[in-house]
Amino acid sequence: MQIGLVGLGKMGGNMRDRLRNAGHTVIGYDTDPGKSDVSSLADLVNQLEAPRTVWVMVPAGGPTQHVIDQLAGLLKPYDTVVDGGNSRWTDDEKHAEELSKRGIGFVDAGVSGGVWGLKNGYALMVGGEKEYVDRLLPIFEALKPEGPYGFVHAGRVGAGHFAKMVHNGIEYAMMQAYAEGWELLEAVDSVDNVREVFRSWQEGTVIRSWLLDLAVNALDEDEHLEGLRGYAQDSGEGRWTVEAAIDNSVPLPAITASLFSRFASRQDDSPQMKMIAALRNQFGGHAVESAKKA
């Protein structure tokens, strides 16, 4: 299958490689000419055969809106736009309506897998009309992990990004739990090998997970995380999850507390946030801040 891919950063670039490895034709565009296969969005669209599919992997908000506005003027009826970034689900409804006026389909795709997706595959949560989702099944099959799991048509437009938002909210709470346990272990005198305690949990325990494996990776690189500042950003999806919980009267105490803990990290150097920062760097390549030396 042939597809255009806009945005060739850490995830987009790896997705292009994974799709090509599966035998698909990918024409990529990025504002960085060194990464791009074409010189412009217009050039990308012109090289695609109808009906065209263009997958957008740029930051949420203004950048995504800018690309979709341009594509609306370049694409034709029966073409499809996929937003694979971390857009808010309410933006999906707006984008779908704007494109449908021109006969262009829209699919929102929540994508999880970070910098490991090229090797392991990406978990995909998509929303949109069945006609457009079915057309893209070969692409989804190539991107997802091998086996029966890793892809879901979650519902109508917006459902994919809503599901990814909740996924990230759960991720916040899980990382916070590991970070709190790590700090408590580090605080007591009786435990003198915290890293190996974490490693011992990787098999045979109910808390084993990929996040736990990544925590061990981080501790292998810096046993006491002394090189990191206890500061962690939030992507916005944690906030949206809490806001959606309020709108729907659903109690989310763990996720809400984990979001507030990130806010607290910006006030003081938090040991827990060293672990959060380390985990975000491990699975997503997110930037970390170095500890200030005395």
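Counting from 1, the numbers follow the sequence of the chain as shown.
The two atoms that bring Met273 and Tyr231 nearest to each other are CB-N, 3.7 Å, heavy atoms only. Considering all non-hydrogen atoms of both residues, Arg280 and His286 come closest at O-CD2, 3.1 Å. Taking each heavy atom of Arg52 and Val45 in turn, the nearest pair found is NE-O, 3.4 Å.
Checking side-chain atoms of Asp108 against main-chain N and O of Val157 turns up no donor-acceptor pair under 3.5 Å. Of the possible donor and acceptor atoms, one in the side chain of Arg18 sits under 3.5 Å from a partner among the backbone N and O of Lys144. Distance alone, capped at 3.5 Å, is enough to place a donor-acceptor pair between the Asp30 side chain and the Leu8 backbone. Judged purely by atom type and a 3.5 angstrom limit, Ser36 has no side-chain atom pairing as donor or acceptor with the backbone of Asp32. Using modelled atom types, no side-chain atom of Trp89 and backbone atom of Ala163 make a donor-acceptor pair closer than 3.5 Å. Not one N or O on the side chain of Gln176 forms a donor-acceptor pair closer than 3.5 Å with the backbone of Ala257. Between the side chain of Arg239 and the main chain of Gly236, no donor-acceptor pair closer than 3.5 Å is present. Side-chain N or O atoms of His161 include one that pairs as donor or acceptor with a backbone N or O of Asp83 at under 3.5 Å. Listed for the Asn281 side chain is no donor-acceptor partner under 3.5 Å among the backbone atoms of Ala277. Between the Thr256 side chain and the Pro253 main chain, no donor and acceptor come within less than 3.5 Å of each other.
For the pair Lys274 and Asp222, the salt-bridge criterion is not met [side-chain N within less than 4.0 Å of a carboxylate O]. The residues Arg199 and Asp220 are annotated as salt-bridged, a charged nitrogen and a carboxylate oxygen being separated by less than 4.0 angstrom. Under the 4.0 Å criterion applied to side-chain N and carboxylate O atoms, Asp37 and Arg20 are assigned as salt-bridge partners.
Classification of the Phe198-Tyr178 ring pair by plane angle, with boundaries at 30° and 60°, yields tilted. The aromatic rings of Phe283 and Trp210 lie tilted to each other, with the angle between the two planes from 30° to 60°.
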Carefully, step by step, assess Ser87 and Asp91 under the rule side-chain hydrogen bond (donor to acceptor under 3.5 Å, both in side chains). CA-CA 7 Å; Ser87 294; Asp91 290 344; 5.3 Å; no
Test side-chain contact (heavy atoms from CB on, under 4.5 Å) applied to Val133 and Lys130, step by step: CA-CA 5 Å; Val133 173; Lys130 186 175 186 297; 5.6 Å; no
Audit row: Phe140, Leu137, side-chain contact (heavy atoms from CB on, under 4.5 Å) steps and yes/no: CA-CA 5 Å; Phe140 297 141; Leu137 286 177; 4.2 Å; yes
Show your reasoning for whether side-chain contact (heavy atoms from CB on, under 4.5 Å) applies to Ile68 and Leu99. CA-CA 8 Å; Ile68 288 179; Leu99 292 170; 4.2 Å; yes
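More than 12 heavy-atom neighbours from other residues, nucleotides or ligands sit within 6.0 angstrom of CZ on Arg195. Counting heavy atoms of neighbouring residues, nucleotides and ligands inside a 6.0 Å radius, atom CD of Glu129 does not exceed 12 of them.
Each of Leu75, Val6, Val107 was checked for a side chain to side chain contact (heavy atoms under 4.5 Å, CB included) with Val81, and the lone residue meeting it is Leu75.
Cluster annotation: Met174 and Leu225 are assigned to the same hydrophobic cluster (Ile/Leu/Val/Met/Phe/Trp/Tyr, side-chain heavy-atom contacts under 4.5 Å, transitive). Connection of Val126 to Leu136 is established within a shared hydrophobic cluster, with ILVMFWY side chains joined at heavy-atom distances below 4.5 Å, either directly or through further cluster members. Note on Tyr78 and Val82: separate hydrophobic clusters, where clusters join Ile, Leu, Val, Met, Phe, Trp and Tyr whose side-chain heavy atoms are under 4.5 Å apart, directly or indirectly.
Atom CG of residue Leu118 and atom CE of residue Met15 lie 11.0 Å apart, to the nearest 0.5 angstrom. Atom CD of Glu223 sits about 6.0 Å away from atom CG of Asn193, to the nearest 0.5 Å. For the atom pair Glu49 CD and Thr25 OG1, the distance stands at 8.5 Å (nearest 0.5 Å).
The closest side-chain donor-acceptor pair between Thr80 and Arg135 falls under 3.5 angstrom. The closest side-chain donor-acceptor pair between Asn14 and Lys10, if any, does not fall under 3.5 angstrom. At a cut-off of 3.5 Å, with distance as the only test, a side-chain donor of Gln47 or Asp43 sits close to an acceptor on the other residue.
Side-chain contact check for Leu143 versus Trp55: some heavy-atom pair is nearer than 4.5 Å. Looking at Leu214 and Trp116, their side chains come closer than 4.5 Å, going by heavy atoms from C-beta outward.
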